[in-house]
Amino acid sequence: MTAKRLKRPRDPVQLGKLIGDILTGQVEDSAPIPPPDPNKDQAAVALGRKGGLKGGRARAESLTSAERKKIAREAARRRWQNKTK
């Protein structure tokens with residue numbers, strides 16, 4: 001996952017100052033990391049992320065060719081059903 005950066009200001013002068021501050025080391029070019037949610041179990045959060053990282057690849061490997069074709073046909077049908085009107 002890529003690191004979050006500071007939001008860039010829209011004003012060119014402020015953007016120039018921010019870039020100068022980053023280059024001189026006065027400001028770090030990363031957004032502050034939010035504290036973990038105390039209402040969530042951190043072990044469960046880690047497990048959920050772990051499963052999410054491998055979920056799509058594992059599903060694709062377990063599908064047969066016929067199942068993949070069926071899913072693709074259904075996706076194409078739904079994608080184009082509103083565009084034919």
Side-chain angles (χ1 to χ4, degrees):
M1 189 161 100
T2 60
K4 298 257 183 187
R5 293 184 350 186
L6 286 174
K7 186 172 180 182
R8 302 294 190 241
R10 295 181 66 181
D11 179 41
V13 175
Q14 290 177 355
L15 178 60
K17 177 165 182 349
L18 177 65
I19 291 172
D21 289 347
I22 291 170
L23 290 174
T24 58
Q26 295 174 354
V27 174
E28 284 227 14
D29 189 22
S30 60
I33 299 171
D37 188 356
N39 297 328
K40 292 184 179 179
D41 179 17
Q42 293 306 310
V45 170
L47 275 176
R49 172 154 172 72
K50 191 178 199 181
L53 290 175
K54 63 182 176 181
R57 186 179 308 126
R59 180 173 185 241
E61 289 172 357
S62 69
L63 289 174
T64 65
S65 178
E67 289 172 324
R68 280 196 310 272
K69 286 179 185 177
K70 180 181 175 187
I71 292 169
R73 278 194 195 100
E74 178 65 17
R77 186 182 66 77
R78 288 181 183 248
R79 189 167 39 245
W80 288 96
Q81 74 182 359
N82 291 334
K83 294 186 179 182
T84 58
K85 292 181 181 178

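When a residue number appears, it is its place in the shown sequence, counting from 1.
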Checklist line | Listed partners of D21 passing side-chain contact (heavy atoms from CB on, under 4.5 Å), at least two apart | finding: K17, Q26, V27
Check: Taking all atoms of both residues into account, what is the closest heavy-atom pair of R68 and A60, and its distance?
Finding: NH1-O, 4.0 Å
Checklist line | More than 12 heavy atoms of other groups within 6.0 Å of E67 CD | finding: yes
Note to self: For the CZ atom on R73, are there more than 12 heavy atoms of other groups (residues, nucleotides or ligands in this structure) within a distance under 6.0 Å?
What the structure shows: no
Next item on the list: Look at atom CG of L23 and say whether more than 12 heavy atoms of other residues, nucleotides or ligands are closer to it than 6.0 Å.
Entry: yes
Note to self: When you compare the side chain of L63 with that of I71, does any pair of heavy atoms fall below 4.5 Å?
What the structure shows: yes
Item checked: Spatial distance of atom CG (L18) from atom NZ (K7) [nearest 0.5 Å] -> 13.0 Å
Margin query: Could you check whether any side-chain N or O of R78 sits under 3.5 Å from a backbone N or O of A76, counting only pairs where one atom can act as donor and the other as acceptor?
Written below: no
Notebook entry, point to check: Looking at OG1 of T64 and NZ of K70, how far apart are the two atoms once the value is rounded to the nearest 0.5 Å?
Noted result: 10.0 Å
Check: Any ion pair linking E61 and R57 (charged N to carboxylate O, less than 4.0 Å)?
Finding: no
Next item on the list: Report the distance from atom CD of E28 to atom CD1 of I22, rounding to the nearest 0.5 Å.
Entry: 10.0 Å
